[in-house]
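Data block below; observations after.
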2 protein chains.
Amino acid sequence: MARWEGNARGRLERAALDLFTEQGYDRTTVAQIAQRANLTERSFYRWFADKREVLFGGSEDLKEQLVSAIEAAPADTGALPTLLAAFATAPQAFRPREFLRERSAVIEANPPLKERELIKLASLSEALTAALVHRGCNPQTARLATDIGIAVLRLTAARCMADEQADFAQVLSTSAADLLAVAADGIPT
Amino acid sequence: MARWEGNARGRLERAALDLFTEQGYDRTTVAQIAQRANLTERSFYRWFADKREVLFGGSEDLKEQLVSAIEAAPADTGALPTLLAAFATAPQAFRPREFLRERSAVIEANPPLKERELIKLASLSEALTAALVHRGCNPQTARLATDIGIAVLRLTAARCMADEQADFAQVLSTSAADLLAVAADGIPT
């Protein structure tokens, strides 16, 4: 059993995703999720505010972890290298691929969930930019580096989902190099 | 009088924004907007589905214009240069700065409007990526180029809002060069 299934929170996530996939997001209740996970509704609410948050529960932890990693980077590290180093500390955010694929499918099928995903991503983006500015980075540079960093992270996630053997840190490097190539192509020399 | 104020739609936008700023978004009704613009409610609904759409009415036009510009680019143009050339055709999307500043303030103050803005931006992003793919661009490259392009556009918009004298096309070039510098800084050599 994978680590993330070994605790109450992981079991609730797994149960919710199974039910969302089997019978649809709208038709699934918190009571059903708790029952499937062999837990009480009260346990459910200890971890999540509502059934929607089961799909986004990891995002606050990820944000905190990335902000801490940015704060811990050596003072003379550039904006984008700081972000990439922070992302490299969080491979666990890319939990079992099957889980991520099912989660994506549920979100894609439900516009309100897709909106929620956009809001969470925007909130992450603002937190990363603020952490860079806090280190003394120029705000415009911080914003640009964050936009680029998120683009690299998105590509990395897509590649890791598609390739069972992919190494997260290595794909992150390759994706950053690919992004530079696309960026360089856009500037008349 | 600027071009965008010279017609019914422009007058409705101006009236809505004035009322949102003066008395708040939630407390403003369609009837009030129409009255302020010296038009009927029926005219309002000819242009906009509801009061929220007054703030986002230009986004579908912008999307269509950019997609057309992408389709019209010479076949051998790279992904990012194609996008930047398309953006350069749309300086009118950056309408009078005062209007944009007030619009931003209203949106920032209302989380549901901020969500709507994110959704519109995601929809624009998807349309641009699809248009690049339609030209034969690799999907991952198309997505990367779009993410970079939107980052450049965002920076350009911020700079144009801050500087009354800024030339849109020139700021777009400068912003693309700045983005390349930030991207290049992230790759270990």
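In what follows, chains carry the letters A, B, and so on, assigned in the order in which the sequence lines appear, proteins first and then strands, with residues in each chain numbered from 1.
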Original post:
Given that the side chain runs from C-beta out, which part of I148(A) has a heavy atom under 4.5 Å from chain B: side chain, backbone, both or neither?
Top reply: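 Side chain of I148(A) only, per the 4.5 Å heavy-atom cut-off to chain B.
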Subject >> chain B contact via R116(A) - which portion, at a heavy-atom distance below 4.5 Å >> reply: neither
Show the nearest heavy-atom pair for residues [X] and [Y], with the distance to one decimal.
| X | Y | value |
| --- | --- | --- |
| D185(B) | G78(A) | OD2-CA, 3.5 Å |
| V182(A) | L80(B) | O-CD2, 3.7 Å |
| A151(A) | L144(B) | O-CD2, 4.2 Å |

Are [X] and [Y] grouped together when hydrophobic residues (ILVMFWY) are joined by side-chain heavy atoms under 4.5 angstrom apart?
| X | Y | answer |
| --- | --- | --- |
| V54(A) | L113(A) | yes |
| W47(B) | F56(B) | yes |
| L83(B) | V67(B) | no |

State whether the number of non-hydrogen atoms from other residues, nucleotides or ligands found under 6.0 Å of [X] atom [atom1] is greater than 12.
| X | atom1 | answer |
| --- | --- | --- |
| E71(A) | CD | yes |
| Q23(A) | CD | yes |
| Q35(B) | CD | no |

Original post:
Is there a side-chain contact between I150(A) and D147(B) (heavy atoms, below 4.5 Å)?
Top reply: no
Original post:
Between R143(B) and L155(A), is any pair of side-chain heavy atoms under 4.5 Å apart?
Top reply: no
**OP:** Under 4.5 Å heavy-atom distance to chain A, tell me which part of A79(B) shows up: side chain, backbone, both or neither.
**Re:** backbone
